[in-house]
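All values below were derived from every heavy atom in this structure, side-chain atoms included, with hydrogens, water molecules and symmetry-related copies excluded.
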Amino acid sequence: MDRAPADVRRWLADMKSLLWSRTILIIFSAHCLFAVFDTGSDTLVALWCATPLPLGGLDFTVNDIGITSTLVSAISWPFNLFLYPLLAKRFSSLQTHQVFSIVFVVLVILAPNIHYLALAGQTAAVWTLLIVCRVVLVTSLCTIFTTQCVFICNSVTSDKLGRINGMAVFISDIFRSTSPALTGAIYAASLSQGAISIGFPVNYYLTFIVFSASALAMVSIMACSPSSINHKRPS
């Protein structure tokens, strides 16, 4: 009868020591930040594309948004399938993570400027830049996610892989579940009369800036991680 409580206490103590590891805290913090803007980016793009031109959007119809999403998925899947294995042969996982995170930061800051092409009636340029931008963003997000999965697996010995991956999914899903509502609330606030009257950076740029700042914070957190996360821990 005493064995079960003892096993539970030992398991809880093991989980506590695991989760309070400096490396695990760094990786989990970065992973939770990533979960927010990874999930929220789809919501943001759809909202921004559907927003009328006077408010800073692209004035796309539902069909337009569906077509761009289909094209982006069709173009980006080969990159997502083959890019990371090629990069892993030449660069470390941490280097790959940081480079693609910076790419994400820069593109998310620049993407709202496509609105000015829409205002000028440059429809072909709008579609071309939007699709190219989204393909690079999707590829960056997939690469960042892959590297973070590698970091999580490399942070523990093989006997703890199930526990650490389960905790990573559980915690990150909490942040993913709040992301669409949070994204929608920030974007709605940026379209209020007060925000529009103030202009940049609290107008339609605001949500893009928040996502870029979150990704930059993730880069800063991962810069504190040990180089050992590039390699699998010995059992």
Side-chain angles (χ1 to χ4, degrees), residues 18-48 69 72-73 76-77 79-81 83-85 87-88 91-111 133-156 161 163-187 206-230:
L18 185 65
L19 293 176
W20 281 106
S21 160
R22 177 177 177 272
T23 301
I24 296 297
L25 286 174
I26 289 172
I27 296 172
F28 272 32
S29 298
H31 198 50
C32 289
L33 277 172
F34 172 77
V36 173
F37 60 76
D38 179 37
T39 305
S41 60
D42 289 332
T43 304
L44 174 58
V45 169
L47 290 173
W48 174 58
S69 297
V72 168
S73 299
S76 61
W77 77 263
F79 293 100
N80 300 331
L81 188 62
L83 182 61
Y84 181 75
L87 293 172
F91 306 101
S92 71
S93 295
L94 186 56
Q95 289 173 330
T96 303
H97 178 278
Q98 299 296 69
V99 168
F100 277 90
S101 298
I102 294 298
V103 169
F104 178 86
V105 169
V106 173
L107 278 181
V108 170
I109 284 290
L110 294 178
C133 184
R134 288 197 63 189
V135 167
V136 177
L137 286 175
V138 168
T139 302
S140 298
L141 289 171
C142 288
T143 305
I144 295 168
F145 177 75
T146 302
T147 55
Q148 289 190 358
C149 290
V150 171
F151 298 151
I152 292 169
C153 292
N154 288 349
S155 63
V156 295
L161 282 176
R163 275 176 284 178
I164 200 64
N165 277 283
M167 288 300 298
V169 171
F170 172 73
I171 296 173
S172 65
D173 278 355
I174 294 174
F175 285 84
R176 286 186 185 277
S177 65
T178 62
S179 181
L182 181 63
T183 303
I186 296 173
Y187 193 76
L206 179 61
T207 317
F208 292 92
I209 293 172
V210 170
F211 279 15
S212 294
S214 300
L216 199 57
M218 180 186 71
V219 172
S220 302
I221 290 170
M222 289 306 301
C224 301
S225 60
S227 60
S228 60
I229 61 172
N230 289 311

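In terms of heavy-atom proximity, Ser69 sits nearest to Arg134 at OG-NH1, 3.5 Å. Among all heavy-atom pairs drawn from Cys224 and Ile26, the shortest one is O-CD1, 3.5 Å. When all heavy atoms are compared, the tightest approach of Ala35 to Ser172 is CB-O, 3.6 Å. The shortest heavy-atom contact between Ser214 and Phe37 is CB-CD2, 3.9 Å. Nearest heavy atoms, Gly40 versus Thr183: CA-OG1, 3.5 Å. Of all heavy-atom pairs between Ser155 and Ile164, the closest is OG-CG1, 4.5 Å.
The aromatic rings of Phe208 and Trp48 lie perpendicular to each other, with more than 60° between the two planes, well past the 30° mark.
Note that CG of Asp173 is 10.0 Å distant from SG of Cys32, once rounded to the nearest 0.5 Å. Residue Ile174 holds its CD1 atom at 9.0 Å from OG1 of Thr178, rounded to the nearest 0.5 Å. Taken to the nearest 0.5 Å, the OG atom of Ser41 stands 12.0 Å off from the CG atom of Leu107. For the atom pair Ser225 OG and Leu25 CG, the distance stands at 12.5 Å (nearest 0.5 Å). The CE atom of Met218 lies 9.5 Å from the CG atom of Leu216; values are rounded to the nearest 0.5 Å. Of the inter-residue distances, the one linking Leu33 atom CG with Ser101 atom OG reads 10.5 Å to the nearest 0.5 angstrom.
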CA sep, side-chain torsions, deciding dist, call: Tyr84, Cys142, side-chain contact (heavy atoms from CB on, under 4.5 Å)
CA-CA 9 Å; Tyr84 181 75; Cys142 288; over 6 Å; no

Check against side-chain contact (heavy atoms from CB on, under 4.5 Å), Thr96 and Ile144
CA-CA 8 Å; Thr96 303; Ile144 295 168; over 6 Å; no

So Met222 and Ile229, side-chain contact (heavy atoms from CB on, under 4.5 Å) or not? Walk me through it.
CA-CA 10 Å; Met222 289 306 301; Ile229 61 172; 3.8 Å; yes

I'd like to know whether His97 forms a side-chain contact (heavy atoms from CB on, under 4.5 Å) with Thr146, so could you lay out the CA-CA distance, the side-chain angles of the two residues, the decisive distance to 0.1 Å, and finally the verdict.
CA-CA 9 Å; His97 178 278; Thr146 302; over 6 Å; no

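Here the options are Ile171, Ile221, Ile152, Val169, the test is side-chain contact (heavy atoms from CB on, under 4.5 Å), and the partner is His31; only Ile152 passes.
In this structure, the side chain of Asn230 engages the main chain of Ser227 through a donor-acceptor pair within 3.5 Å. Proximity of a side-chain donor or acceptor of Gln98 to a complementary backbone N or O of Val219 within less than 3.5 Å is detected. Between the side chain of Thr39 and the backbone N or O of Val36, no donor-acceptor pair lies under 3.5 Å.
With contacts defined as side-chain heavy-atom distances shorter than 4.5 Å, the pair Arg176/Ser179 does not qualify. When side chains are defined from C-beta on, Leu206 does not count as touching Tyr187, because their heavy atoms never get closer than 4.5 Å. Considering only heavy atoms from C-beta on, Thr143 comes within 4.5 Å of Leu83 through its side chain. You'll find the side chain of Phe151 reaches within 4.5 Å of the side chain of Ser93, heavy atoms only. Contact of the Val45 side chain with the Leu137 side chain is not registered, since no non-hydrogen atoms from C-beta on lie closer than 4.5 Å.
If you look at Phe211 and Phe104, their ring centroids are not closer than 6.0 Å.
Around atom CZ of Phe145, no more than 12 heavy atoms belonging to other residues, nucleotides or ligands sit under 6.0 Å away.
For Phe100, there are no ring-ring contact (aromatic ring centres under 6.0 Å, His included) partners, not counting sequence neighbours.
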